[in-house]
Amino acid sequence: MKEYGLIVVGTGAGMNVVDSALERGLKVAIVEEGPVGGTCLNRGCIPSKVLVHAADVIREAEEAAKIGVSLKVESVDYKRIKERMWDIVLTGRGEMETSLKQIKDIDFYNVIGTFVSEYTMQVGNETIKAPRIVLASGARAQIPPIPGLDKVKYHTYRTVFGIEEKPESIVILGGGYIGCEFAHFFSAIGTRVFVIGRNPVLLPHEEPETSLVVKKRLSKHAEIHTGTNTVKVEGLEGRVAVTINDPLERAERTIEAQHLLVATGVRSNTDWLKPEKSGVKTDDKGWITTDQYLETSKPNIFALGDALGRNMYRHTANYEASVVRNNLFEEHKVTLDLHAVPHAVFTNPQVGQVGMTEEEAKQGRKVMVGVSRYFDSAMGYAYGDEDTFAKVIVEYPSRRILGATVVGPQAATLVQQIVNLMYSETGTYAPLARAQIIHPALSEVLVSAFGRLRPANFEPEQHHHEHSR
Ligand SMILES: Cc1cc2nc3c(=O)[nH]c(=O)nc-3n(C[C@H](O)[C@H](O)[C@H](O)COP(=O)(O)OP(=O)(O)OC[C@H]3O[C@@H](n4cnc5c(N)ncnc54)[C@H](O)[C@@H]3O)c2cc1C
């Protein structure tokens, strides 16, 4: 049995806590089943954005005609796009591997780690133990029980980045953010794309108007079926045949394609980890449960990131790692603050969102909602993009921002301005109202949305004069 000061399971955001342990002179065991760097680096955010940006450039070129510039995309070098993608992944991975080897107080176990008893894990042939453990064990693709799926070759986000030749056609099962990002990429490079979503809308967790715009735009380039059941999947001489039941069509239909990508959600990795053997509780789906300090039901075992089964974004995992880093080692504990969790979906158009949707905000509060189209501000007009918008949701009468959505060019960057306001002292939009806003930048779309705030679920009081706070 080897004893350590800290065991970390998972090399995504889990790595963020390692330095603090080393600084305190602790020996650290790091346990990782897959490539170093976790999902974001190896098969998530980073490679997917290299692909999506290429798709953005293609669509921008194609759509430039409407602002009076005719461009033709001459060719798409799939190999070059992939090369650039692997470059950033392998460089990042290589740097991490080097530092894991060089730091003498780290032992790296490249195997599945499984708890065998309290604070004790089996890693390959060895048993390791530590008084402090961080579980950053993430999630993996969930495979739905569709008849025939287990008999065909399909991709998940674990393998899709490895497709060697530009696909001629692909069926994407799932209309969530992974489905919508890959639909954008593959359709833009000229692959015939079919998206099959069981939910009645694409991106069901977004505002309904976001789902509509994304469906409208992706439908120009891909065949999208929402509210659709997948009846069965069959293999056909190296191709796949997916039989669907779309309520808008009268009969079942079979779609044939070269590839199949299953992007129907994720499941917990705790079947590998067996945290219950160390007294760590999970919910009924296997996601690890914690208190507001991110400590699990077992003292000094903390969990963070996708392993918690909510807000599955790398920036949330990083933030949670900073909470864990503090609470592992400091007297003064910090509590988790999830009042303004942002995210983006890098599809066509780009989506940025933070906090509550309008529907969520209306539960038990008076809210004001303001919507502005990009087209209504000078730079938005210059972009020539008519479907795109910003929507802000504010509590009445406090003016505290509850949430926002931006759909259009630079949405992720624009919504960050609202995230930052939500982290200001009062959390209101007052700083934006006082600030000079660079004219005529896309930021004016946000100002204009706040300028259009109207009561959404209450009657405005008559003769009421609001005072600035
Ligand atoms: C295609 C795709 C695109 C994405 N795009 C974005 C994006 O644009 N922005 C964003 O914020 N997020 C994005 N995400 C989500 C983001 O990647 C995750 O939220 C983030 O990586 C979670 O980090 P983590 O540290 O919690 O888990 P992970 O990075 O998944 O790390 C967990 C690691 O633990 C290992 N592991 C688990 N159990 C064990 C065990 N028992 N023993 C040993 N090792 C184990 C796993 O192998 C894994 O490497 C994307 C995800 C995907 C799949």
Side-chain angles (χ1 to χ4, degrees), residues 39 43-45 47-49 51-52 54-56 58-59 78 81-82 85 140-146 148-150 152-206 211 214-236 238-246 248-249 253-267 345-351:
T39 304
R43 48 180 102 108
C45 336
S48 63
K49 264 74 267 182
L51 304 185
V52 161
D56 287 346
I58 293 167
R59 292 293 179 228
Y78 180 72
I81 295 173
K82 293 282 298 292
M85 180 194 83
R140 66 182 189 269
Q142 159 120 18
I143 307 305
I146 295 170
L149 187 56
D150 53 344
V152 303
K153 185 172 168 280
Y154 60 82
H155 290 282
T156 65
Y157 61 78
R158 208 171 175 119
T159 54
V160 68
F161 296 105
I163 296 179
E164 295 263 342
E165 302 290 329
K166 184 175 103 177
E168 166 265 310
S169 55
I170 189 165
V171 174
I172 300 175
L173 290 187
Y177 81 90
I178 296 179
C180 288
E181 292 190 357
F182 279 106
H184 173 39
F185 168 64
F186 282 122
S187 66
I189 63 165
T191 299
R192 184 145 187 235
V193 174
F194 305 85
V195 178
I196 299 162
R198 213 173 45 170
N199 203 286
V201 298
L202 293 181
L203 302 176
H205 303 297
E206 304 295 338
S211 300
V214 171
K215 185 171 178 185
K216 177 179 165 194
R217 290 282 278 269
L218 286 182
S219 294
K220 288 186 186 167
H221 310 288
E223 190 177 311
I224 311 239
H225 299 267
T226 48
T228 297
N229 268 328
T230 304
V231 179
K232 63 176 178 186
V233 177
E234 290 166 295
L236 261 187
R239 293 168 71 80
V240 283
V242 181
T243 304
I244 60 166
N245 197 340
D246 183 334
L248 297 178
E249 297 175 358
R253 182 151 84 87
T254 299
I255 295 169
E256 256 186 66
Q258 187 187 6
H259 293 282
L260 172 63
L261 169 64
V262 179
T264 48
V266 292
R267 53 159 296 173
V345 184
F346 297 87
T347 183
N348 179 16
Q350 197 176 101
V351 177

On a heavy-atom basis, the closest approach of Val195 and Gly175 is CG1-CA, 4.3 Å
For Val52 and Glu181, the nearest pair of non-hydrogen atoms, with its separation, is CG2-O, 4.1 Å
Using a 4.5 Å cut-off on heavy atoms from C-beta on, say whether the side chain of Lys215 contacts that of Val201. no
Sub-6.0 Å ring centroid separation between Tyr78 and Phe186 | no
Note to self: Under a 3.5 Å threshold, yes or no: a donor from one side chain and an acceptor from the other, between Thr228 and Arg253?
What the structure shows: no
Shortest non-hydrogen pair, Leu218 vs Ala183, comes out as CD1-CB, 4.3 Å
Per side chain to side chain contact (heavy atoms under 4.5 Å, CB included), Val262 is matched among Ile172, Ile178, Val233, Ile143 by Ile143
Check: Side-chain contact, heavy-atom cut-off 4.5 Å: Ile170 with His155?
Finding: no
Smallest heavy-atom separation, Ser187 atom then Val193 atom, equals N-CG2, 3.5 Å
Exercise for review: Mark yes or no for whether Lys82, through its side chain, and Ile163, through its backbone, hold a donor-acceptor pair below 3.5 Å.
Suggested key: yes
Tested for ring-ring contact (aromatic ring centres under 6.0 Å, His included) against Phe182, the lone hit among Phe194, Tyr157, Phe346, Phe161 is Phe161
CG (Asn229) and CD1 (Ile146) are apart, to the nearest 0.5 Å, by 9.0 Å
Look at the side chain of Gln258 and the backbone N and O of Glu168, then say whether any donor-acceptor pair between them is shorter than 3.5 Å. yes
Answer whether the closest heavy-atom distance between the side chains of Val214 and Glu206 falls below 4.5 Å.
no
Scanning both residues in full, the closest heavy-atom pair of Gly235 with Val152 reads N-CG1, 3.3 Å
Inset, instruction - Kindly say whether Glu256 contributes a backbone atom to a donor-acceptor pair with the side chain of Ser169 at under 3.5 angstrom? - result: no
Note: Val171 and Ala257 closest approach over all heavy atoms is CG2-CB, 3.6 Å
- Message: Within the supplied structure, the quantity of interest is the number of heavy atoms (other residues, nucleotides, ligands) at a distance under 6.0 Å from Arg192 CZ; does it exceed 12?
- Response: no
Close side-chain approach of His184 to Arg59, heavy-atom, < 4.5 Å
yes
Taken to the nearest 0.5 Å, the spacing of Leu51 CG from Asp56 CG works out to 11.0 Å
For the backbone of Leu202 and the side chain of Ser211, can you confirm whether one donor and one acceptor N or O come within less than 3.5 Å of each other? yes
Check your understanding: Are there more than 12 heavy atoms of other residues, nucleotides or ligands under 6.0 Å from atom CZ of Arg198?
Key -> no
Requested in this report: For Thr347 and Cys180, indicate whether the former's side chain and the latter's backbone hold a donor-acceptor pair under 3.5 Å.
Outcome: yes
